[in-house]
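Here is the structure we will look at, set down as structure tokens.
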Amino acid sequence: MLVLLIGIIVVVGACYLGFVFYQRRTIKMATDVYENKRDLNKIPLDDEFALAKKLNLTGESQKKYDELLKKYQHYTDQLLPGIEQKIATVKQDGKGINFIKTKNDWQSANQAIQDADSTIKGIQAALAQLYDLNKQHHLAVDELEKKYKRLREDMLNQNESFGPSIDALEKLLADIEGTFDEFTELTKSGDPNSAEEVLTDLNRSTSELESDMASIPKLYHVLSKEFIDQLDEIKTGYQEMTAKHYNFPNDSFMEAIETLREEIKNNVDKLAALNVESVQKTNDQIAGAIDHLYDALEDELKARPDVEANTKMVDEYIDHVRRQNSDLALRLENLNKGYVLNHKEIENDHQYDQQISTIEKQFDNQTHEIKTGKAVYSVIDDEQQAMVKNLGQIETLQKQLFQTIIQLPQKEQEARQSLAKFDLEMRNKKRRIDNHNLPGLPDDYQDDFASVVREINHLNDAMSKPQIDIDDISKQVIIIQSDMDTLNDRTEKLIDNAALAEETMQYANRFINLDPEIAEASEKARIYFDHQYDYQKSLDTISIALEKQSSGVIDKIKEDYFNAKKVTRPRQDDQKSSTK
């Protein structure tokens, strides 16, 4: 019972302490809201409204002022009292235990203060803008008045530099001054909002006028002085050059000069109407056309000395290539009697001849035009450069063709030497085989031997013709050499197998009476050797049987044989050389 009583006392105490804490927290929340509300009183606007009223506002500015005053009255008469009521509600909530309602009322009071703060600051900024605009506009009146005075003085002092644009510039300035008077009246009457709209248009028009006044003198000077002087200079230069027998491609100088003069006149009219951007664009086009005329004059002046200096060189170059082609044609004619020309050598030489003739005709036309005073030197200069390039290409092809045909006699001599070498090698090969006294030769070897002989005979026939086809002969030489190399390898192998088979069978004779297997192998090997001429199979047959009897003996026989061959072969080669 005592424990329960103590528990009740503890719970009641805790609830009391919680309630006390809640009340204190609520009082703190209400105090914070009140302090926030006091900040609103730091922005008194009564004096600022009184100051704005002294501006004697009218029109749109007066409407703006009235709207701001209405908002301010709503702020003081409704927003602020409403906030006081919300603060009182928060304090009253602190006496109860409805925590949720207290928090919502506290949030509502804070939001109302924020809205009021935003409202009062907006009103203050708008009033400041009205005051600042009025101040700025009064300053602008003084500045613009000075600027327009200076602009009018500039027009008076620089009257000639503006040319026909002066009337339009003065009218534009007069229109701007009319707008300025309207701006001044609005400023003085106290309507800065309407004055600001006029000021925007006024600044734009003034900037355009200043830009035109800065650009027009230079544009007019170019049109009235530079272009005219340049066209006069071009005309004089053209007339002097034509008197000295200079000519121009598609000559339309005088027409171009008159066309440009008309364009200049039209552009001056556009400048008078203040179409400055269009005038600048057309001026750029006229300048480009004038530069083109200057370039045309300069091209002919530069080209003439080059043509006069190069004409003799081109003439000599043509003669050189012509003589070289004639020599080449004569050489081809002679070579064609003894050789087949497979690569259109004669046709190519004829083509070079035609190309040279075309260049000669073009050169003759040039020299005729120069003599008669009708030469367009820039055109002739380009043509001569192309002619020199083409002559160089022809000369290179002539040299390549000459290097090809000049080798024909040498290639013939080399082929005849190869033919003699092949014939001698085949004779020596046959003699060497005969010296070994073989019982016979395998059919396939005889076929290969006979094939090479036929190839050599065919080569001999080809070289005995009145016209030798060097290309065909060179191919035959390559094929015969390849077949000869193959036949040499087969011949060496045939002789080696035959010699080794004989030595091996002789060595095996000592075992015939002792070993029946060797006796049988020896008999088979002899049949392969004497009757079938298969020396490789004869060697293999006796070697297998003998190796079983005496391991390693075959390798020893081969080693001794090839060592002895190395010694005897050089002596045989020396004997062949002495025979040759």
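Counting from 1, the numbers follow the sequence of the chain as shown.
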ask   = Which is it for R490 and F449 under the side chain to side chain contact (heavy atoms under 4.5 Å, CB included) test, yes or no, and what are the steps along the way?
value = CA-CA 10 Å; R490 289 205 61 188; F449 193 95; over 6 Å; no
task = Output the distance between atom CD1 (I480) and atom CG (D423), rounded to the nearest 0.5 Å.
result = 11.0 Å
request  = Please check if the side chain of S224 supplies one atom and the backbone of Y220 the other of a donor-acceptor pair under 3.5 Å.
outcome  = yes
ask   = Under 3.5 Å, is there a donor-acceptor pair between the side chain of T404 and the main chain of Q400?
value = yes
task = Starting at OG of S326, measure out to CG of L330 and round the result to the nearest 0.5 Å.
result = 9.0 Å
key: Closest contact, heavy atoms only, I468 versus K465   = CG1-O, 4.0 Å
key: I544 and I554, any side-chain heavy atoms less than 4.5 Å apart   = no
ask   = Is there side-chain contact between Q481 and K421, with heavy atoms separated by less than 4.5 Å?
value = yes
query = Quick one: does N325's side chain have a donor or acceptor within less than 3.5 Å of a partner on D349's backbone?
reply = yes
inquiry  = Assess, by modelled atom type and distance only, whether the side chains of D382 and Y377 contain a donor and an acceptor separated by less than 3.5 Å.
reply    = no
ask   = Can you find a pair of side-chain heavy atoms, one from E262 and one from E258, that are under 4.5 Å apart?
value = no
ask   = Would you say D306's side chain and E308's backbone share a donor-acceptor pair under 3.5 angstrom?
value = no
task = Apply side chain to side chain contact (heavy atoms under 4.5 Å, CB included) to the pair E455 and L459, showing each step before the final yes or no.
result = CA-CA 6 Å; E455 290 174 354; L459 176 61; over 6 Å; no
message = Does the Lys NZ or Arg CZ of R304 fall within the cation-pi geometry relative to Y246 - under 6.0 Å from the ring centre and within 45° of the axis?
response = yes
ask   = Does a side chain donor of either N348 or H343 reach within less than 3.5 Å of an acceptor in the other side chain?
value = no
query = Would a distance-only check, ignoring hydrogens and angles, find a side-chain to backbone donor-acceptor pair under 3.5 Å from N267 to V279?
reply = yes
ask   = For D496 and Y561, does a side-chain donor sit closer than 3.5 Å to a side-chain acceptor?
value = yes
key: Check: S378 main-chain N/O paired with E300 side-chain donor or acceptor under 3.5 Å   = yes
Heavy-atom donor-acceptor pair, E520 side chain to I518 backbone, under 3.5 Å = no
message = Just checking H436: does its NE2 atom have more than 12 heavy atoms from other residues, nucleotides or ligands closer to it than 6.0 angstrom?
response = yes
ask   = Do E233 and D229 come close enough that some side-chain heavy atom pair is under 4.5 Å?
value = no
key: Stepwise side chain to side chain contact (heavy atoms under 4.5 Å, CB included) test for V388 and V314   = CA-CA 7 Å; V388 171; V314 174; 4.0 Å; yes
query = Between N247 (side chain) and G373 (backbone), is there a donor-acceptor pair under 3.5 Å?
reply = yes
key: Full working for side chain to side chain contact (heavy atoms under 4.5 Å, CB included) between L391 and E395   = CA-CA 6 Å; L391 288 169; E395 186 177 25; over 6 Å; no
ask   = Does S357 use its side chain to pair, donor to acceptor, with the backbone of D353 at less than 3.5 Å?
value = yes
task = Return the minimal non-hydrogen interatomic distance between I542 and A508, and the atom names on each side.
result = CD1-CB, 3.7 Å
task = Using a 4.5 Å cut-off on heavy atoms from C-beta on, say whether the side chain of R432 contacts that of N428.
result = no
query = Under 3.5 Å, is there a donor-acceptor pair between the T311 and Q384 side chains?
reply = yes
ask   = How about P439 and Y535: do any of their side-chain heavy atoms sit closer than 4.5 Å?
value = yes
task = Is it possible for you to check whether R526 lies under 6.0 Å from the centre of the six-membered ring of Y528, through NZ or CZ, and within 45° of that ring's axis?
result = no
request  = For Q446 and L441, indicate whether the former's side chain and the latter's backbone hold a donor-acceptor pair under 3.5 Å.
outcome  = yes
message = Contact between N390 and Q355 at the side-chain level, heavy atoms closer than 4.5 Å - yes or no?
response = no
